[in-house]
Amino acid sequence: MTFEISPQDSSAVEKLGTARRKIMDQLGQVIVGQTAVIEELLICLFSRGHCLLEGVPGLAKTLMISTLSRTLNLSFSRIQFTPDLTPADVTGTDVIVENRTTGNREFRFLEGPLFSNVILADEINRTPPKTQAALLEAMQERQVTVGRVRHALSDPFFILATQNPIEQEGTYALPEAQQDRFMFKVFVRYPNFQEEFEVARRTTTTMSDTIEAVLTAREILDLQRIVREVPVSDHVIRYALALVRQTRVREAGVPDFVGDQVVWGAGPRAVQYLILGSKARALLQGRTHVTCEDIETLAKPVLRHRIVLSFTAESEGVTTDHVIDRIVAITPKREDELTRDARFQKIFAS
């Protein structure tokens, strides 16, 4: 399928590819390695999604996010989640002030840290569910309600939450409903030897880096609009549906290993994010069409936090990534093979 775009949008697509290269160059001055993580963050941003990052301390998650906001010329807020943090600390609250003109006292809304373009929700699993839930309305509706008054949030609005996978004492696991609001769950892994060597060299000297802004907020909003205008063929949509529907235990045509290892599968939001993310990935790579390879590449960050494993699978060391790998391996990419397969015919007919 051909992507028909106006000359103005065509220049914007070129600008997106150029901006991607510049952003990677700017981040490369501060962040060593983590190229795949940065790519996924950019895909998430231009898809108007939110991202959950999981990694051990010291992997530069906070530095990566704050530097990204500087390259995009966006306002940045960091919320350090703790057990005593309240919803009002996140959203803001009404305070009583005196009107100097009339002498009367009146309520005035004091904005919380959510009123920025890029929000780092640091160690989100260290705060109780009530405060975690304060993010739900903001992530979905891009507004907060305090009392009976709704307050619109900044646009673009991008939440990046981090959590530590090794320290579970005194933490509150994110409910599945809240995890589903995040477009991606991204694993930030240890650097390889050469990357860690460069980290050690850079961070123990007096080197300083100057970060330049690449895009403005208005330009980001325009690019987010163009991402949604990219068409997707029926076959690519069908392929995305095939991957997601195979995670649902009680659906027809689901492979046996899913029935043994999975308790709950991904919902319709997973399909939406697979397609939106693939559109953004295609444009970031200079293409105006989406392929099954785009869907396959994003299957793990989209699906890994939307699949609930059985106790048996977890006890055997099976991870959601293992399940996704097996599902991708048995799903044909060619249209004729996919539509003629008897098992997938059951999936598409259900």
Side-chain angles (χ1 to χ4, degrees), residues 3 5-31 34-35 37-51 53 60-79 92 111-122 135 138-144 151-162 182-184 186 208-230 273 276-288:
F3 181 18
I5 56 177
S6 66
Q8 181 179 0
D9 285 352
S10 178
S11 63
V13 172
E14 294 177 3
K15 187 171 185 177
L16 181 59
T18 303
R20 171 187 170 273
R21 291 190 294 272
K22 289 183 177 179
I23 291 171
M24 298 296 287
D25 289 341
Q26 294 294 314
L27 288 173
Q29 298 180 46
V30 179
I31 305 299
Q34 305 294 0
T35 303
V37 174
I38 296 171
E39 288 274 6
E40 289 171 354
L41 290 182
L42 293 177
I43 291 171
C44 202
L45 170 67
F46 291 115
S47 303
R48 285 176 63 88
H50 306 287
C51 190
L53 292 93
K61 299 186 293 295
T62 301
L63 180 61
M64 186 188 308
I65 295 166
S66 62
T67 306
L68 176 62
S69 68
R70 290 165 59 195
T71 64
L72 299 175
N73 197 24
L74 298 176
S75 59
F76 171 74
S77 290
R78 174 180 177 177
I79 308 172
E111 294 181 349
L114 278 184
F115 288 82
S116 294
N117 297 121
V118 179
I119 315 297
L120 170 59
D122 211 0
L135 293 177
M139 294 171 67
Q140 191 68 23
E141 307 296 335
R142 296 176 184 266
Q143 66 178 25
V144 295
H151 303 272
L153 295 169
S154 306
D155 209 7
F157 180 67
F158 188 31
I159 288 183
L160 298 106
T162 69
F182 289 98
M183 179 177 182
F184 287 170
V186 176
S208 61
D209 302 295
T210 303
I211 302 299
E212 298 179 359
V214 176
L215 292 174
T216 65
R218 173 49 54 189
E219 289 170 331
I220 293 171
L221 292 175
D222 289 340
L223 293 171
Q224 288 176 340
R225 173 185 57 81
I226 293 173
V227 165
R228 287 184 170 264
E229 293 176 355
V230 177
Y273 283 150
L276 277 175
S278 295
K279 289 182 177 186
R281 183 176 188 270
L283 290 184
L284 284 167
Q285 295 190 349
R287 291 182 281 110
T288 56

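Atom set for the values below is all heavy atoms of this structure, side chains included, hydrogens, waters and symmetry mates excluded. The residues of the chain are indexed from 1 along the displayed sequence.
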- Message: Applying side-chain contact (heavy atoms from CB on, under 4.5 Å) to Leu114 and Ile159, what does each step give before you reach the verdict?
- Response: CA-CA 9 Å; Leu114 278 184; Ile159 288 183; 4.3 Å; yes

- Rounded to the nearest 0.5 Å, what's the gap from OG on Ser69 to CG on Leu160? Could you check? 9.5 Å

- Approximate separation, where rounding is to 0.5 Å, of Met64 CE and Thr162 OG1: 11.0 Å

- Note on the structure: Shortest non-hydrogen pair, Gln143 vs Leu153, comes out as N-CD1, 3.6 Å

- Task: Classify the ring geometry between His50 and Phe158 as parallel (under 30°), tilted (30 to 60°) or perpendicular (over 60°).
- Result: parallel

- Gap between atom CG of Leu221 and atom CZ of Phe46 - 0.5 Å precision: 10.5 Å

- Note on the structure: Scanning both residues in full, the closest heavy-atom pair of Val186 with Cys51 reads CG2-SG, 3.5 Å

- Spatial distance of atom CG (Leu42) from atom OG1 (Thr71) [nearest 0.5 Å]: 7.5 Å

- For Phe157 and Ile119, run side-chain contact (heavy atoms from CB on, under 4.5 Å): C-alpha distance rounded to whole Å, both residues' side-chain angles, the deciding distance at 0.1 Å, then the answer. CA-CA 8 Å; Phe157 180 67; Ile119 315 297; 3.7 Å; yes

- Message: Working note: Glu39 + Arg20, criterion salt bridge (Lys or Arg N to Asp or Glu O under 4.0 Å); need CA distance, chi angles, decisive distance, verdict.
- Response: CA-CA 9 Å; Glu39 288 274 6; Arg20 171 187 170 273; 2.4 Å; yes

- Query: Is there a donor-acceptor contact under 3.5 Å from the side chain of Ser66 to the main chain of Leu63?
  - Reply: yes

- Residue of the set Leu74, Asp222, Leu72 for which side-chain contact (heavy atoms from CB on, under 4.5 Å) holds with Leu215: Leu72

- Looking at residues at least two apart in the chain, or sitting in another chain, which of them share a salt bridge (Lys or Arg N to Asp or Glu O under 4.0 Å) with Arg78? Asp122

- Side-chain contact test, heavy atoms from C-beta onward, threshold under 4.5 Å: evaluate it for Val118 versus Leu68 and give yes or no. no

- How many angstroms lie between CG in Leu27 and NZ in Lys22, if you round to the nearest 0.5 Å? 14.0 Å

- Message: If we ignore hydrogens and angles and just use 3.5 Å, is the side chain of Ser75 paired with the main-chain N or O of Asn117 as donor and acceptor?
- Response: yes

- Sub-4.5 Å side-chain heavy-atom contact between Met24 and Thr35: yes

- Would you check, one step at a time, whether the test side-chain contact (heavy atoms from CB on, under 4.5 Å) holds for Asn73 with Ile220? CA-CA 10 Å; Asn73 197 24; Ile220 293 171; over 6 Å; no

- Query: In Å and rounded to the nearest 0.5 Å, what is the OG1 to CG distance from Thr62 to Leu120?
  - Reply: 5.0 Å

- Message: Using every non-hydrogen atom in the two residues, find where Val227 and Ala280 come nearest and quote the distance to one decimal.
- Response: CG1-N, 3.8 Å

- Query: Taking all atoms of both residues into account, what is the closest heavy-atom pair of Arg228 and Lys279, and its distance?
  - Reply: O-NZ, 3.2 Å

- List for me each residue that meets side chain to side chain contact (heavy atoms under 4.5 Å, CB included) alongside Glu111, sequence neighbours excluded, and say none if there are none. Phe109, Phe115

- Message: Run the side-chain contact (heavy atoms from CB on, under 4.5 Å) test on Leu223 and Leu283 for me, step by step, so that the C-alpha distance in whole Å, both residues' side-chain angles and the decisive distance to 0.1 Å come before the verdict.
- Response: CA-CA 10 Å; Leu223 293 171; Leu283 290 184; over 6 Å; no

